[in-house]
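Take a look at the structure set out below.
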Amino acid sequence: MSLNSSQAERQILAVLAHVPAGKVVSYGQLADLAGLPRRARLAGRVLRTADTRHLPWHRVVAASGQLSLVKGSAPWLEQRQRLLSEGVRFKGNPLSGNTVIMAQYQWQPDLAQLLILLDY
DNA sequence: CTGTTGACCAGTG
DNA sequence: ACACTGGCCAACA
């Protein structure tokens, strides 16, 4: 039905759909939660390739907290603006900040959320 | 078909 | 803080 074919890709997108507003996840964490350990790179590829228009794609950042899009580009500006509007704050200069304060905003899945993940 | 690239990342020095 | 390594593997040339 979708242009997004592979099983691994669907799992990653399914988990992404559950990331709550105001929180962020790293690529590696996203893959991990999808049951795909050490597949951080796949998560990155999926975010670049798949149709994420109806998913919270902007809540995925590097494990370091850095946004992985090209700094200053239109997509970068959009991601930054979306996160700011959800209350996510950045390190350093508020105008040029490129790094999310992970300790404060990284998604910590609880048991209920884990249960949701079992039925994708 | 082979070779390279990359919205990644933890480990090591 | 920074540089480099090895793992990972689908997409692309």
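Order of the sequence lines fixes the chain letters, A, B, ..., with proteins taken first and strands second; residue numbering starts at 1 for each chain. Here the structure is a predicted model, which means the values were calculated and not measured.
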Integer-rounded Å distance: [N] [atom2] and [X] [atom1]:
{"X": "A:L55", "N": "B:dA7", "atom1": "CG", "atom2": "C1'", "result": "15 Å"}
{"X": "A:Q7", "N": "C:dC9", "atom1": "CD", "atom2": "C1'", "result": "17 Å"}
{"X": "A:R38", "N": "B:dG6", "atom1": "CZ", "atom2": "C1'", "result": "19 Å"}
{"X": "A:E78", "N": "B:dA7", "atom1": "CD", "atom2": "P", "result": "18 Å"}
{"X": "A:D32", "N": "C:dG7", "atom1": "CG", "atom2": "P", "result": "19 Å"}
{"X": "A:R39", "N": "C:dA11", "atom1": "CZ", "atom2": "P", "result": "11 Å"}
{"X": "A:N98", "N": "B:dA7", "atom1": "CG", "atom2": "C1'", "result": "12 Å"}
{"X": "A:Q66", "N": "B:dG6", "atom1": "CD", "atom2": "P", "result": "18 Å"}

Just to be sure I understand the rule, does [X] reach a base, reach only the sugar-phosphate, or reach nothing, if contact means heavy atoms closer than 4.0 Å?
{"X": "A:R45", "result": "base"}
{"X": "A:L69", "result": "base"}
{"X": "A:R48", "result": "base"}

Pairwise distance CG(A:D51) to CH2(A:W57) - rounded to 0.5 angstrom: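 Between A:D51 CG and A:W57 CH2, I get 12.5 Å after rounding to 0.5 Å.
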Nearest-0.5 Å distance, CG of residue A:N98 to NZ of residue A:K71: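 Nearest 0.5 Å value for the CG-NZ distance: 5.0 Å.
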Which pairs would a plain distance check flag for residues 87-96 of chain A, meaning a side-chain donor or acceptor within less than 3.5 Å of a matching protein atom at least two apart in sequence or in another chain?
unit_1 : atom_1 : unit_2 : atom_2 : d
A:N93  : OD1    : A:L95  : N      : 2.6
A:N93  : OD1    : A:S96  : N      : 3.3

Nearest heavy-atom neighbours spanning A:W107 and A:P20: NE1-CD, 3.5 Å
Closest contact, heavy atoms only, A:P56 versus A:V19: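 Heavy atoms only, the tightest pair is CG-O, 4.1 Å.
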Any donor-acceptor N or O pair under 3.5 Å, side chains A:H58, A:E86: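 Yes, a side-chain donor-acceptor pair sits under 3.5 Å.
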Modelled atom types, side-chain donor and acceptor of A:R82 and A:Q79, under 3.5 Å: no
Interatomic distance at P, B:dT5 relative to C:dT5, whole Å: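 Those two atoms are separated by 16 Å.
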For nucleotides 9-12 of chain B, which of its nitrogen or oxygen atoms have a protein nitrogen or oxygen under 3.5 Å away, and what is each distance?
unit_1 : atom_1 : unit_2 : atom_2 : d
B:dC9  : OP1    : A:Y27  : N      : 3.1
B:dC9  : OP1    : A:G28  : N      : 3.0
B:dC9  : OP1    : A:A63  : N      : 3.4
B:dC9  : OP2    : A:A63  : N      : 2.9

